[in-house]
Amino acid sequence: MTPASHLALGMVLTATAGLVDAVGFIELGGYFTSFMSGNTTQGGAALVDGSWPIVLLTASLIVLFFIGSVLGNLLAISTPRWGPAAVSFAVLLGVALTLALALCGLPASQAMLVLAATAGAQNAILPMRGAVRLGATFVTGTLYMAGEDLALALRGAAPKLRWLQHLAIWFGLFGGAALGALLHRIVGIHTLFLAVAIYTAFALTHLWAGSRSAT
């Protein structure tokens with residue numbers, strides 16, 4: 001079982017990812033900054049149709065997500081003490097840069113690309129605790145693991161309630177996406193200011209934790 005405190009942090013971070021992805025989805029007109037399975041399917045269909053702008057957009061999102069995941073993990077493993085803080089600040093910078101570019105009038109097809117790299121990096125902020133993946137920007141595997149753990153629990157081979165922890169992470173992404181879509185209706189791209197505030201809190205918390213471990 002994942003400790004409740006870590007699960008709560010994971011839910012907040014995953015909800016923030018859902019909020020950011022909802023904003024990107026709306027701004028891009030139906031493409032994702034963190035759900036690469038969807039972009040891959042759309043890109044493959046567009047390739048057959050000869051819709052080259054869509055192929056280029058989805059390919060760019062996928063490549064940048066991959067690059068972000070590499071950079072995020074490099075930062076995370078650079079040092080046990082400061083790695084989480086470094087990744088958190090990188091994600092914060094990515095969201096803030098996206099917001100700045102959008103407010104400066106850059107087209108969404110360009111400004112939102114930064115969010116894809118940011119989403120890739122975010123997955124390295126929190127390591128797994130127990131069997132639950134925390135703070136991820138995608139939950140297909142999480143939903144599958146909920147079903148797997150429920151099946152194991154019915155056979156007495158896993159903790160009875162662990163499957164609910166996976167569902168809690170899924171619910172975090174769902175709730176964050178719904179909140180992001182709602183806020184986007186009201187304040188548009190300014191919704192990302194909320195994400196900036198949350199990532200700032202995570203970055204400062206990790207920085208504080210790193211400084212405490214140094215003493």
Open item on the list: Quick one: does any side-chain atom of His190 pair with a main-chain N or O of Val187 as donor and acceptor, under 3.5 Å?
Closed with: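 Side chain of His190 to backbone of Val187: a pair is present.
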
Open item on the list: Using a 3.5 Å distance criterion without hydrogens, assess whether the side chain of Gln165 forms a donor-acceptor pair with backbone atoms of Ala4.
Closed with: no

[Y] reachable from [X] in the ILVMFWY side-chain graph, under 4.5 Å edges:
X      : Y      : value
Val20  : Val139 : yes
Met36  : Ile26  : no
Phe138 : Phe25  : no
Leu173 : Phe35  : no
Leu101 : Leu192 : no

[X] [atom1] to [Y] [atom2] distance, which is reported to the nearest 0.5 Å:
X      : Y      : atom1 : atom2 : answer
Thr142 : Trp170 : OG1   : CH2   : 11.5 Å
Phe32  : Thr41  : CZ    : OG1   : 9.5 Å
Leu13  : Phe202 : CG    : CZ    : 4.5 Å
Ile198 : Thr16  : CD1   : OG1   : 3.5 Å

Open item on the list: Strictly by salt bridge (Lys or Arg N to Asp or Glu O under 4.0 Å), give each pair with a member in residues 44-62 just once, sequence neighbours left out.
Closed with: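 The answer is none; no pair qualifies.
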
Open item on the list: With salt bridge (Lys or Arg N to Asp or Glu O under 4.0 Å) as the rule and sequence neighbours excluded, what pairs involving residues 134-149 come up?
Closed with: Asp149-Arg162

Side chains of residues 103-118: which donor-acceptor partners sit under 3.5 Å, not counting sequence neighbours?
residue: Thr118; atom: OG1; partner: Val114; partner atom: O; Å: 2.9

Closest contact, heavy atoms only, [X] versus [Y]:
X      : Y      : value
Ala121 : Val87  : O-CG1, 3.4 Å
Gly30  : Gln42  : O-NE2, 3.1 Å
Ala181 : Ala22  : N-CB, 4.0 Å
Ala146 : His166 : CB-CB, 3.6 Å
Gln122 : Ala17  : NE2-CB, 3.3 Å
Ala153 : Pro159 : CB-O, 3.8 Å

Validation row: [X], [Y] side chains within 4.5 angstrom (heavy atoms):
X      : Y      : value
Leu47  : Trp52  : yes
Trp82  : Leu75  : no
Leu204 : Thr200 : yes
Trp163 : Leu152 : no
Met1   : Leu7   : no
Thr14  : Leu134 : no
Glu27  : His184 : yes
Leu167 : Leu143 : yes

Open item on the list: For a side chain to side chain contact (heavy atoms under 4.5 Å, CB included) check, start with the C-alpha distance between Leu207 and Phe89, then their side-chain angles and the critical distance, and finish with the verdict.
Closed with: CA-CA 9 Å; Leu207 191 64; Phe89 275 108; 4.2 Å; yes

Please set out all donor-acceptor pairs under 3.5 angstrom arising from side-chain atoms of residues 55-72, sequence neighbours excluded.
residue: Thr58; atom: OG1; partner: Ile54; partner atom: O; Å: 2.9
residue: Thr58; atom: OG1; partner: Val55; partner atom: O; Å: 3.1
residue: Ser60; atom: OG; partner: Leu56; partner atom: O; Å: 2.7
residue: Ser69; atom: OG; partner: Phe66; partner atom: O; Å: 2.6

TODO: Before giving the answer on side chain to side chain contact (heavy atoms under 4.5 Å, CB included), spell out for Leu194 and Leu179 the whole-Å C-alpha distance, their side-chain angles and the decisive distance to 0.1 Å.
DONE: CA-CA 11 Å; Leu194 176 57; Leu179 177 61; 4.2 Å; yes

Task: Aromatic plane relationship, Phe174 with Phe171 - under 30° parallel, 30 to 60° tilted, over 60° perpendicular - done: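 Geometry flag for Phe174 against Phe171: tilted rings.
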
Task: Asp21: partners by salt bridge (charged side-chain N to carboxylate O under 4.0 Å, His left out), with sequence neighbours left out - done: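 Scan of Asp21 (salt bridge (charged side-chain N to carboxylate O under 4.0 Å, His left out), adjacent residues dropped) gives none.
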
Throw together a table of side-chain donor-acceptor distances under 3.5 angstrom for residues 91-100, partners on residues two or more places apart or in other chains.
residue: Thr98; atom: OG1; partner: Gly94; partner atom: O; Å: 2.9

